[in-house]
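A short worksheet on the structure shown next.
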Number of protein chains: 2
Amino acid sequence: MSIAEIKEHLIKHGVKPSLPRIKIFEYLISYKSHPTADEIYNALASELITLSKTTVYNTLDLFVKSKITIPILIEDNETRFDANTSNHGHFKCLRCNKVYDFDYDLSDHNIKELAGFEPREFHTYIKGVCKKCAQNAKD
Amino acid sequence: MSIAEIKEHLIKHGVKPSLPRIKIFEYLISYKSHPTADEIYNALASELITLSKTTVYNTLDLFVKSKITIPILIEDNETRFDANTSNHGHFKCLRCNKVYDFDYDLSDHNIKELAGFEPREFHTYIKGVCKKCAQNAKD
DNA sequence: GTATCTGCAAAACATTTGCAATTCT
DNA sequence: AGAATTGCAAATGTTTTGCAGATAC
């Protein structure tokens, strides 16, 4: 996604495309590392030298409310963020702590017990050991 | 589960059955409300008048390590706990904030993209509006 | 020129840590 | 006594809030 496309994307979802907002969104989509607010702040602070963590938090809150970013609650002491809002799963490696995406659309599965509930968001998380770490352990 | 059965359950999983531990575990299984550490503390403080939050946290950590309790990370500012360790899903109502269980065994579904990953824990969360709240909105 | 956006400093809140007191065997 | 458990007080770390200054339209 180019800067122009990011701007359009933000505007389409009612978010005024200020520089911090564009940069934060760009970071989310180009690194796909599901960063924390702190990681985003550290990554961008050298470029946006007046950036504050408050703005990072404000911006992420705005993105979540505007449905262009979803919070990933896979670890209890940190919230991670993902600009891929399509239904998919997250896999967290217990060794290297990286968070990977995987294709899985929970909403595709008809969960009979939900009868009566009106679902809005679907979240699928798996924890375990990733391929790389499992391989390293064997070496 | 009776007190005697709770004791046995704790011992079987390597947890010495002290009074705070028994009471905290009893609270988890009898209320099934997926309480936070704070809610557990408030519920038990009047009975166990010397109870501290540290002990609640220590005990919950011990339960999680001993695999007799799982942390529920459905909300970013709170960790909830569930003594039902079988694979199942959680539904959080965005209106009344209650967390409900539903039958869903993610591990039953063969997730092809996981090839190479070694899964250990499966978590399924859905947010939306529960039956009761949806009904009230119509009244 | 008014509304929005940004960012500093302080506050809030859940959780963790260090360590001393207590309990259990 | 010795080991494990408990609990107070302080620290930690993330996120939120109040408000003032900057920016945009």
Side-chain angles (χ1 to χ4, degrees), chain A residues 6-7 10-11 13-28 34-66 68-81 97 99, chain B residues 6-7 10-11 13-28 34-66 68-82 92 97 99:
Chain A
I6 291 174
K7 275 192 198 177
L10 297 183
I11 291 167
H13 290 85
V15 175
K16 216 180 270 184
S18 71
L19 182 58
R21 289 169 181 179
I22 294 169
K23 286 291 177 186
I24 291 171
F25 195 80
E26 185 190 26
Y27 188 84
L28 283 171
H34 317 90
T36 61
D38 193 62
E39 284 167 6
I40 295 170
Y41 172 77
N42 288 322
L44 297 179
S46 60
E47 191 181 349
L48 305 176
I49 55 175
T50 66
L51 185 68
S52 71
K53 271 198 192 170
T54 304
T55 297
V56 176
Y57 279 110
N58 285 342
T59 302
L60 290 169
D61 285 352
L62 181 63
F63 286 176
V64 171
K65 282 198 190 94
S66 307
I68 57 176
T69 296
I70 51 174
I72 304 178
L73 307 173
I74 203 166
E75 209 52 63
D76 50 344
N77 59 338
E78 60 185 24
T79 302
R80 298 187 164 272
F81 295 91
N97 289 318
V99 176
Chain B
I6 291 174
K7 277 192 195 178
L10 298 183
I11 292 167
H13 290 85
V15 175
K16 215 180 269 185
S18 70
L19 181 57
R21 290 170 179 177
I22 293 170
K23 285 292 177 184
I24 291 170
F25 196 81
E26 184 189 26
Y27 188 84
L28 282 172
H34 316 89
T36 61
D38 193 61
E39 284 167 5
I40 295 169
Y41 172 77
N42 289 322
L44 297 179
S46 62
E47 190 181 348
L48 305 176
I49 54 175
T50 67
L51 185 67
S52 71
K53 271 198 193 171
T54 305
T55 297
V56 176
Y57 280 110
N58 284 343
T59 301
L60 290 169
D61 285 351
L62 180 64
F63 286 177
V64 171
K65 282 198 191 95
S66 308
I68 56 175
T69 296
I70 50 174
I72 304 178
L73 307 173
I74 204 168
E75 207 53 62
D76 50 343
N77 58 340
E78 59 184 26
T79 302
R80 297 187 166 273
F81 295 89
D82 190 348
K92 167 144 186 172
N97 290 318
V99 176

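All chains are named by letter (A, B, ...) in the order of the sequence lines, taking the proteins before the strands, and each is independently numbered beginning at 1. In this text the structure is predicted, and so the values were computed from the model without any measurement.
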Distance, rounded to the nearest Å, where [X] contributes [atom1] and [N] contributes [atom2]:
| X | N | atom1 | atom2 | answer |
| --- | --- | --- | --- | --- |
| Glu78(A) | dA14(C) | CD | C1' | 15 Å |
| Asp38(B) | dT16(C) | CG | C1' | 16 Å |
| Glu75(B) | dC13(C) | CD | C1' | 15 Å |
| Leu60(B) | dA14(C) | CG | P | 14 Å |
| Asp61(B) | dT16(C) | CG | C1' | 9 Å |

Do Leu51(B) and Lys23(B) have side-chain heavy atoms sitting under 4.5 Å apart? no
Using side-chain heavy atoms (C-beta onward) and a distance below 4.5 Å, is Thr55(A) in contact with Pro20(A)? yes
Give, for atom [atom1] of [X] and atom [atom2] of [Y], the distance between the pair rounded to the nearest 0.5 Å.
| X | Y | atom1 | atom2 | value |
| --- | --- | --- | --- | --- |
| Ile72(A) | Arg80(A) | CD1 | CZ | 8.0 Å |
| Thr79(A) | Ile70(A) | OG1 | CD1 | 12.5 Å |
| His13(A) | Thr69(A) | NE2 | OG1 | 10.0 Å |

Earliest and latest nucleotide of DNA chain D, 5' to 3', sitting under 4.0 Å from a non-hydrogen atom of chain A? dT14(D) to dT17(D)
Under the side-chain contact (heavy atoms from CB on, under 4.5 Å) rule, collect the residues that match up with Asn58(B), sequence neighbours excluded. Thr54(B)
Closest non-hydrogen atom pair, Ala37(B) against Val56(B): O-CG1, 3.6 Å
Have a look at Thr79(B) and say if it touches a base, only the backbone sugar-phosphate, or nothing, with a 4.0 Å heavy-atom cut-off. sugar-phosphate
What's Asp76(B) touching, base or sugar-phosphate or nothing? Going by heavy atoms closer than 4.0 Å. nothing
Strictly under 4.0 angstrom, non-hydrogen atoms only: write out the protein contact profile of nucleotides 4-9 of chain C, one letter per nucleotide from the 5' end, B, S or -. SSSBBB
CA sep, side-chain torsions, deciding dist, call: Phe63(B), Ile24(B), side chain to side chain contact (heavy atoms under 4.5 Å, CB included): CA-CA 10 Å; Phe63(B) 286 177; Ile24(B) 291 170; 3.9 Å; yes
